[in-house]
Amino acid sequence: MTDILKGLNPQQQAAVSAGDGPVLVLAGPGSGKTRVLTHRIAYLVEARDVRAWHIMAVTFTNKAAREMENRVTGLLSGSGQLDGLAIGTFHANCARILRVEAEATAYTRDYVIFDTDDQLKVLTQVLADLNLDPKKNTPRAMLNKISAAKNELITPEQYMPDDYSAEKVRRAYLRYEELLRQNNARDFDDLLVHTVRLFQDRPDVLERYLNRYWHILVDEFQDTNMAQYTLVRLLAGERRNLFAVGDPDQSIYAFRGADYRNVQRFREDYPDTDVILLEENYRSHQAILDAATGVIDQNTDRQPKELFSQRKVGPLVRIYEGYNEDDEARFVVETIADLINRKDYDPGDFAIMYRTNAQSRAIEEGFLRAGMPYRLIGATRFYARKEIKDVLAYLRFIHNPDENISMQRIINVPTRGIGLKTLETLDTWGTTMGLTPPHALLALLDENVEAPFSTRARNSLTGFAGLVEEWRALKDQLSPDELITRVLNDTGYLSYLDDGTQQGESRIENVLELRGVAETYAGLPLSTFLEEVSLVSDVDMRDDETAAPSLLTLHSAKGLEYPVVFIVGMEENILPHSRSIAPERNPNATSDQRQQAAKDVEEERRLFYVGITRAEERLYLCYATIRSLYGDSRANLPSRFLYDIPEEVRQGSPLRKPGSSADTDAYRQMTTWSTRTAVFGRPNATRRESRGGSQPKREKQATQFKGGDCVWHAKYGEGVVVSSSLASGDMEQVDVLFPGDVGQKTIIADFLKKMDS
DNA sequence: CTGACTAAGTTTTTT
DNA sequence: ACTTAGTCAG
């Protein structure tokens with residue numbers, strides 16, 4: 001037992017060996033939070049004789065769960081001590097409970113889990129059913145509102161609209177829930193909500209779980225939402241053996257309902273909570289910590305924290321100003337190559353982080369050009385690929401006969417003569433028979449059933465229905481991978497993918513990879529495979545085998561650490577993201593919108609904070625003067641967050657502490673670049689020009705000006721072009737940034753003169 | 001009904 | 001830029 005406390009500092013030991021009752025560990029990055037949680041589990045089992053069976057540990061990702069489990073095993077002496085330990089994400093734990101308690105809920109055991117894609121399809125259907133214009137009410141916006149309500153545990157019946165648009169949401173929410181029920185499907189939010197509701201409605205069921213789980217441990221507590229927190233409180237029961245670990249400064253999932261104020265609620269709901277602070281940082285040296293502190297200190301509504309490290313001060317935070325995203329990528333790749341050549345680091349020691357996945361492309365190209373390997377984490381999510389979703393849709397429809405969404409997806413993929421018209425008839429005819437489309441389809445197998453289809457259409461439908469029936473008969477005898485093989489063969493799906501292109505080939509590979517994953521489920525029921533596949537993220541699939549620099553979003557960097565970290569795209573509109581700061585620039589924004597924007601920017605800042613604190617030794621922050629987005633170039637100012645890093649700990653950039661106006665400084669940098677460009681030519685010019693060789697499809701009329709150009713205006717003087725576009729006719733509208741108080745103006749091209757030198 | 005073409009929107013982040 | 005939804009000729 002002493003082994004378990006060995007190597008921990010006094011505060012960590014206090015946390016690990018805390019007594020029963022609520023415990024809240026609040027700690028900064030790199031302080032060993034997860035380690036404390038890990039040791040706590042081992043401690044409970046070894047020193048306090050708690051059976052692992054009685055412990056539920058909730059982690060943020062499946063991968064974190066697996067890693068934690070391995071480490072706990074390492075800490076314990078005997079094998080088998082961890083049997084029955086419930087460790088996993090909230091969603092995974094809830095899915096299991098719901099499966100077991102199927103008869104107490106409105107769903108059968110065979111329910112499927114809808115991902116965002118499926119949800120949007122349902123919502124499109126909902127909008128059609130309600131005659132709402134999908135232009136005015138996008139499925140996406142609807143979904144966000146419905147999801148927000150669910151995370152707050154608000155049912156459609158409880159949803160109180162205060163204006164007409166909210167009333168539309170209420171109706172959509174109602175219909176949406178109806179359709180989920182009809183499909184015997186749950187969405188991600190439902191997994192939590194239904195579990196909470198089950199426990200609230202059925203004290204007898206809750207009682208069983210209270211007897212089962214004596215200790216509830218939660219990692220990354222700052223990222224729990226209302227539903228999750230309520231669930232935690234329910235499961236804690238009278239015993240109140242809650243052990244939560246978190247850092248409000250690292251809360252970055254508000255957009256999906258997470259609320260760091262749950263930390264405060266916890267303290268209010270359990271006034272006798274044993275609050276333990278871990279302040280020492282073991283990951284980064286002081287310069288990086290000072291940068292992090294400088295950034296996060298700008299947030300209001302937080303408890304100031306003093307991060308300290310006993311490590312020697314290392315290299316200062318390096319800021320690099322690139323010309324464009326290619327130049328930025330070149331800097332990253334060259335720096336990495338240099339550090340590897342000097343034998344200072346291994347390829348696996350590096351991480352490049354960015355705000356949006358779209359930014360990965362330029363970096364990837366940089367690596368490709370240099371002929372260096374890299375690991376891309378979670379850009380086009382594996383399970384979001386068409387071919388994967390298709391195959392899974394087959395399996396899901398085999399598994400769950402009620403599911404319309406999957407059936408619609410694959411009924412004519414590969415094409416088998418079932419077109420729009422036929423599907424419409426299936427729907428209307430089914431409705432008159434009181435059947436949903438999947439059941440109407442099966443009904444056609446009976447030759448005595450009369451239905452308004454042409455012979456050809458009916459044959460196509462029964463042909464498909466027959467296949468489905470065969471597969472369903474086999475589903476319990478075959479293991480998941482055998483079933484996939486069977487489906488692929490019966491449908492000719494692979495030859496459908498094989499269109500001779502490179503892309504087709506990689507799609508086939510993906511499907512085969514999926515089958516490879518399925519092989520690991522040999523002997524397990526189809527439902528297990530489908531459920532786990534729905535709940536994994538790509539971060540979970542990250543292999544640690546290949547030693548190469550990792551490319552990942554700031555969000556997926558949470559919980560990780562690397563010796564050398566690059567954060568690219570340190571620009572206004574990227575980080576903070578344009579969505580969060582839009583109301584700032586809009587003079588018509590309501591005060592509500594402004595407040596929301598302020599909150600959003602704080603979250604962006606926390607995201608940056610998370611990124612900074614991933615770095616152990618070296619941290620590079622890059623921004624580009626010109627960045628192409630959606631095709632055209634735009635000039636962005638350096639991120640406001642950069643100015644929050646104390647000057648003493650940063651180096652290498654022309655970035656000046658703004659005396660009066662940040663705009664002025666940014667402007668000077670841009671003109672520096674413009675001048676430099678005029679004299680020396682653009683970096684990477686070759687690549688850009690080479691594209692122009694075989695040009696015109698349709699002359700996409702060129703603009704006179706483009707981002708980065710230096711221009712002169714009679715009234716405002718010298719300025720830099722942010723972007724330029726053709727308005728109606730030949731009129732070219734140019735957004736120009738002028739120094740000082742003038743700022744950005746939109747000007748007709750005729751009034752601008754290009755300055756060459 | 002299918003395959004090819006055009007228009008539009010999309011992009012913040014993920015269980 | 002890139003993909004998907006929508007339109008149209010065979």
Side-chain angles (χ1 to χ4, degrees), chain A residues 58-65 88-95 113-117 119-121 124 134-135 138-140 144 147 150-151 186-192 220 223-225 227-228 251-258 325 353-362 377-381 383-386 412-424 454 456-457 460 499 503 531-540 552-558 569 573-582 600 603-604 606-608 610-611 628-633 691 697-698 700:
Chain A
V58 185
T59 56
F60 198 72
T61 63
N62 296 298
K63 186 182 168 69
T89 61
F90 273 108
H91 291 88
N93 278 309
C94 289
I113 300 169
F114 273 3
D115 66 12
T116 313
D117 252 32
Q119 290 177 283
L120 288 173
K121 282 193 178 138
T124 313
K135 288 262 160 55
T138 65
R140 165 61 72 181
N144 286 343
S147 178
K150 284 193 174 190
N151 284 324
R186 289 182 161 112
D187 62 24
F188 284 127
D189 303 323
D190 285 337
L191 296 176
L192 306 167
E220 307 282 12
D223 283 315
T224 54
N225 61 34
Q228 290 166 333
S251 158
I252 53 175
Y253 282 97
F255 68 91
R256 69 181 208 214
E325 67 270 20
M353 301 173 187
Y354 34 78
R355 176 67 231 268
T356 66
N357 276 311
Q359 290 169 256
S360 75
R361 231 200 61 201
I377 299 176
T380 16
R381 302 163 52 72
Y383 289 106
R385 288 167 208 266
K386 295 186 265 298
N412 202 28
V413 179
T415 50
R416 47 175 76 89
I418 303 173
L420 225 59
K421 196 71 194 299
T422 308
L423 281 175
E424 209 183 292
S454 67
R456 206 163 121 199
S460 302
D499 54 2
Q503 201 177 36
E531 179 174 303
E532 296 203 5
V533 152
S534 309
L535 295 175
V536 298
S537 72
D538 284 19
V539 181
D540 299 327
L552 70 175
T553 62
L554 287 162
H555 280 90
S556 44
K558 178 158 86 158
N573 296 320
I574 304 281
L575 185 72
H577 192 271
S578 55
R579 286 274 273 245
S580 65
I581 54 180
D600 289 348
E603 173 137 328
E604 297 282 308
R606 289 193 294 269
L607 190 54
F608 181 36
V610 167
S628 27
L629 193 64
Y630 309 143
D632 58 2
S633 296
R691 264 208 276 258
K697 278 233 158 106
R698 185 154 312 258
K700 185 203 167 193

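Just so we're on the same page: letters track the sequence lines, and every chain starts at 1. It should be emphasised that the depicted structure is a prediction, and the values quoted were computed from it without experimental measurement. The figures here come from the full heavy-atom set of this structure, side chains too, leaving out hydrogens, waters and symmetry mates.
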#### Entry: Selected nucleotide, minimal atom distance to A:Asn357 side chain, candidates B:dT15, B:dT14, B:dT2
B:dT14
### Message
Using 30° and 60° as the class boundaries, would you call the ring planes of A:His91 and A:Phe188 parallel, tilted or perpendicular?
### Response
perpendicular
### Atom pair distance, as rounded to whole Å: CZ in A:Phe90 and C1' in B:dT14
15 Å
### Task
Kindly say if A:Asn151 contacts the phosphate of B:dT15, meaning a side-chain N or O under 4.0 Å from OP1 or OP2.
no
### Query
Does OP1 or OP2 of B:dG9 have a side-chain N or O of A:Arg140 closer than 4.0 Å?
no
### Query
For A:Phe60 and B:dT13, what is the distance between atoms CZ and P respectively, to the nearest whole Å?
15 Å
Would you list the protein and nucleotides 3-10 of chain C atom pairs, both N or O, that sit under 3.5 Å from each other?
from, atom 1, to, atom 2, distance (Å)
C:dT4, OP1, A:Lys386, NZ, 3.3
C:dT4, OP2, A:Lys386, NZ, 3.2

### Message
Just to be sure I understand the rule, does A:Asn573 reach a base, reach only the sugar-phosphate, or reach nothing, if contact means heavy atoms closer than 4.0 Å?
### Response
nothing
### Task
Under 4.0 Å between any heavy atoms, over every strand shown, what does A:His577 touch: base, sugar-phosphate, or nothing? Just pick one.
sugar-phosphate
### Pairwise 5' ranking along DNA chain B for A:Asp189 and A:Gly417, keeping only the more 5' one
A:Gly417
### Task
Mark yes or no for whether A:Asp223, through its side chain, and A:Ile252, through its backbone, hold a donor-acceptor pair below 3.5 Å.
yes
### Query
On DNA chain B, nearest-nucleotide positions of A:Leu607 versus A:Arg456: which is more 5'?
A:Arg456
### Query
Quick one: are A:Val58 and A:Asn93 in side-chain contact, heavy atoms under 4.5 Å?
yes
### Task
Check the distance between B:dT11's P and A:Tyr354's OH and give it to me in whole angstrom.
17 Å
### Query
Is a donor on one side and an acceptor on the other found under 3.5 Å between the side chain of A:Asn573 and the backbone of A:His577?
no
#### Entry: Under 4.0 angstrom between A:Ser534 side-chain N/O and B:dT15 OP1 or OP2
no
### Message
With a 4.0 Å limit, can you tell me whether A:Thr422 has a side-chain N or O closer than that to the phosphate oxygens OP1/OP2 of B:dC1?
### Response
yes
### Beyond-backbone contact of A:Phe255 with A:Arg579, side-chain heavy atoms, under 4.5 angstrom
no
### Query
Touch check for A:Thr116, heavy atoms < 4.0 angstrom, all strands: base, sugar-phosphate only, or nothing?
base
### Task
Please check if the side chain of A:Asn151 supplies one atom and the backbone of A:Arg256 the other of a donor-acceptor pair under 3.5 Å.
yes
#### Entry: Lys/Arg-Asp/Glu bridge criterion (N-O < 4.0 Å) met for A:Arg606, A:Glu603
yes
### Query
In whole Å, what is the span from the CG atom of A:Leu120 to the C1' atom of B:dT11?
13 Å
### Query
Which of these nucleotides, B:dT15, B:dT13, C:dC2, is closest to any side-chain atom of A:Phe188?
B:dT15
### Query
Using a distance-only test with no angle check, is there a side-chain donor-acceptor pair under 3.5 angstrom linking A:Gln359 and A:Thr356?
yes
### Message
If I take atom CD in residue A:Glu603 and atom P in nucleotide B:dT14, what distance separates them, rounded to the nearest angstrom?
### Response
13 Å
### Message
Between A:Thr89 and A:Leu535, is there a side-chain heavy-atom distance shorter than 4.5 Å?
### Response
no
### Query
Just how far, in rounded Å, is P of B:dT15 from CG of A:Asp190?
18 Å
### Query
With distance as the sole test, does A:Gln228 use its side chain to make a donor-acceptor pair with the main-chain N or O of A:Leu192 at under 3.5 Å?
no
### Task
Mind calculating the distance between CG (A:Asn412) and P (B:dC1) to the nearest angstrom?
9 Å
### Task
Check every strand shown and say whether A:Tyr253 touches a base, only sugar-phosphate, or nothing at a heavy-atom separation below 4.0 Å.
sugar-phosphate
### Task
Name all residues meeting the side-chain contact (heavy atoms from CB on, under 4.5 Å) criterion together with A:Thr422; count only those two or more places apart in sequence or in a different chain, and write none if there are none.
A:Ile418, A:Phe453, A:Ala457, A:Leu461
### Closest to the A:Thr356 side chain, choosing from B:dT14, B:dT11, B:dT13
B:dT13
### Task
Return the value, rounded to whole Å, for the distance between atom CD1 of A:Ile377 and atom P of B:dT14.
11 Å
Table of protein N/O atoms under 3.5 Å from nucleotides 3-5 of chain B N/O atoms:
none

### Task
Would you check if A:Phe255 stacks with the base of B:dT13, given a 5.5 Å centroid limit and a 30° plane limit, both strict?
yes
### Query
Any idea which of B:dT14, B:dC1, C:dA1 is nearest the A:Lys421 side chain?
B:dC1
